[in-house]
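To start, the structure under review is shown below, and the notes come after it.
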Amino acid sequence: MVKVEGGTFLMGDIIDSTNTDALPIHEVSLDDYYIGKYEVTFAQYDAFAKTTGRELPPDEHYGRGDRAVVRVDWHDALAYCNYFGWRLPTEAEWEYAARAEGKATLFAGTNNPDSLSKYAITEKDDLSFSFRVGTKKPNELGIYDMSGNVSEWIGEYYQFYERPEEMHDLENSMVRIIRGGSFNSWVNTAKVYWRVGVLSDAQFYEVGFRCAVSQEELNTQRFLNGFFHFKPTKP
């Protein structure tokens, strides 16, 4: 996990102001939290799946190991994070971290599309499956692959920015958010504000995830572990 210092930032398409799905731009405040330095790998998810009796996601014969895990739906991704006392990141947490604590960046690590290949695996790399995590340069916070490699599940339902009054909830809405673009995506989808809504039970060959947890949640866990003498699960 990488610690992200909380703060207030303008969320949405602050660079181009043309993507209606990422407008209107709105102010969001976050407390300190932690987010995965890397996308969860096949090796990590396989160990969890074997322990909990889950089916192993297929690797299409490309191999497993340190490749970013895919073919995992939103529910199993959340279960993996919860197993270690974590969760999936909120949409604001994901974007704030990708933008190196809210900086005005277009991609995770660079504003220049010509240098994106140094930071992200996209369709220009001509790959057919997820790649090993951490092979490109990280962003300023030291977080890898927030643009490219695999798109990532977000912990929230899909909400339209322009219609905040039309609230949904996780129980009554099956539509979730993925962020970051993938090895199979056009460069545009690797932009840090780009949002896509998909069904929570879908298992895509280009969608994986990373975990997050707030400092407040960690403090609560430590208190409960000390009070009730729980033995925390180690990742």
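For Tyr62 and Phe131, the distance between ring centers is not under 6.0 angstrom.
Of all heavy-atom pairs between Leu88 and Trp74, the closest is CD1-NE1, 3.5 Å. The two residues Arg99 and Met11 come nearest to each other via the heavy atoms NH1-CA, 3.9 Å. When all heavy atoms of Lys3 and Asp32 are compared, the pair lying nearest together is CE-OD2, 3.8 Å. In this structure, Ala98 and Thr105 approach most closely via the heavy-atom pair O-OG1, 4.3 Å. Shortest non-hydrogen contact noted between Ser200 and His75 is OG-NE2, 3.1 Å. The shortest non-hydrogen separation linking Ala202 to Phe204 is CB-CE1, 3.2 Å.
Within the 4.5 Å cutoff, the side chain of Pro89 has no heavy atoms near those of the Tyr33 side chain. Side-chain contact check for Val69 versus Pro57: some heavy-atom pair is nearer than 4.5 Å. Counting heavy atoms from C-beta outward, Phe129 and Val70 have side chains that approach closer than 4.5 Å. Within the 4.5 Å cutoff, side-chain heavy atoms of Asp21 are placed close to those of Phe160. Looking at heavy atoms from C-beta onward, Lys136 lies in side-chain contact with Asp125 at the 4.5 angstrom threshold. Between Tyr96 and Leu141 there is no side-chain heavy-atom pair separated by less than 4.5 Å. For the pair Asn149/Glu39, a side-chain contact is recorded, criterion being any heavy-atom separation below 4.5 Å from C-beta on. Within the 4.5 Å cutoff, the side chain of Leu10 has heavy atoms near those of the Glu27 side chain.
Judged purely by atom type and a 3.5 angstrom limit, Gln203 has no side-chain atom pairing as donor or acceptor with the backbone of Val207. Distance alone, capped at 3.5 Å, is enough to place a donor-acceptor pair between the Trp153 side chain and the Val72 backbone. Between the side chain of Glu101 and the main chain of Val4, no donor-acceptor pair closer than 3.5 Å is present. The closest donor-acceptor contact from the side chain of Ser147 to the backbone of Ala190 lies under 3.5 Å. Trp186 places no side-chain N or O within 3.5 Å of a backbone atom of Thr122 that could act as its donor or acceptor partner. A side-chain donor-acceptor contact under 3.5 Å links Ser130 to the backbone of Ala68.
By the rule that hydrophobic residues join a cluster once side-chain heavy atoms approach within less than 4.5 Å of another member, Ile15 and Val187 end up as members of one cluster. Residue Val40 is not grouped with residue Val2 when hydrophobic side chains (ILVMFWY) are merged at heavy-atom distances under 4.5 angstrom, including chains of intermediate members. With hydrophobic clusters built from ILVMFWY side chains whose heavy atoms lie under 4.5 angstrom apart, Phe107 shares a cluster with Val150. Under a hydrophobic-cluster definition in which Ile, Leu, Val, Met, Phe, Trp and Tyr are linked whenever side-chain heavy atoms come within less than 4.5 Å, directly or via other members, Tyr34 and Val133 are assigned to different clusters. Under the 4.5 Å side-chain contact rule for hydrophobic residues, Tyr193 and Val198 share a cluster.
A 6.0 Å sphere centred on CG of Asn82 holds more than 12 heavy atoms belonging to other residues, nucleotides or ligands. The neighbour count for Arg132 CZ, taken as heavy atoms of other residues, nucleotides or ligands under 6.0 Å away, does not exceed 12. No more than 12 heavy atoms of other residues, nucleotides or ligands shown are found within 6.0 angstrom of CD on Glu55.
Atoms CZ and CG, from Phe209 and Asp73 in turn, are 10.0 Å apart once rounded to the nearest 0.5 Å. For the atom pair Thr135 OG1 and Tyr38 OH, the distance stands at 10.5 Å (nearest 0.5 Å). Ile154 CD1 to Arg176 CZ: the interatomic distance, rounded to the nearest 0.5 Å, is 12.0 Å. Annotation: the span from Ile121 atom CD1 to Asn184 atom CG amounts to 12.5 Å, rounded to 0.5 Å. From Lys191, atom NZ reaches atom CG of Asn111 across 11.0 Å, with rounding to the nearest 0.5 Å. In this structure, CD in Glu206 is found 7.0 Å from CD1 in Ile178, a value given to the nearest 0.5 Å.
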**Q.** Tyr119 and Asn139: CA distance, side-chain angles, deciding distance, side chain to side chain contact (heavy atoms under 4.5 Å, CB included) verdict
**A.** CA-CA 8 Å; Tyr119 296 88; Asn139 73 355; 5.8 Å; no
**Q.** Intermediate values then yes/no, side chain to side chain contact (heavy atoms under 4.5 Å, CB included), Arg195 and Arg179
**A.** CA-CA 6 Å; Arg195 320 167 67 221; Arg179 286 286 203 124; 3.8 Å; yes
**Q.** Intermediate values then yes/no, side chain to side chain contact (heavy atoms under 4.5 Å, CB included), Tyr205 and Arg71
**A.** CA-CA 5 Å; Tyr205 81 109; Arg71 297 287 193 189; 3.6 Å; yes
Q.
Go through it in stages, so that I can follow the logic: the residues are Lys137 and Thr110, the test is side chain to side chain contact (heavy atoms under 4.5 Å, CB included), and I'd like the CA-CA distance, side-chain angles, deciding distance and then a yes or no.
A. CA-CA 10 Å; Lys137 294 176 65 174; Thr110 181; over 6 Å; no
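Partner of Leu106 under the side chain to side chain contact (heavy atoms under 4.5 Å, CB included) criterion, out of Asp13, Asp16, Asn112, Ile14: Asp16 alone. Considering Tyr83, Phe84, Trp86 as possible partners of Cys211, the one that fulfils the side chain to side chain contact (heavy atoms under 4.5 Å, CB included) test is Trp86.
Screening residues 142-154 for salt bridge (charged side-chain N to carboxylate O under 4.0 Å, His left out) gives Glu152-Arg210 as the qualifying pairs, with residues at least two apart or on separate chains.
Between Glu93 and Arg87 there is a salt bridge, since at least one side-chain N of the basic residue sits less than 4.0 Å from a carboxylate O of the acidic one.
For the pair Arg54 and Tyr80, the cation does not sit on the ring face, since its NZ or CZ is not both under 6.0 Å from the ring centre and inside 45° of the axis.
In terms of the side-chain hydrogen bond (donor to acceptor under 3.5 Å, both in side chains) criterion, Ser17 has no residue partners (sequence neighbours excluded).
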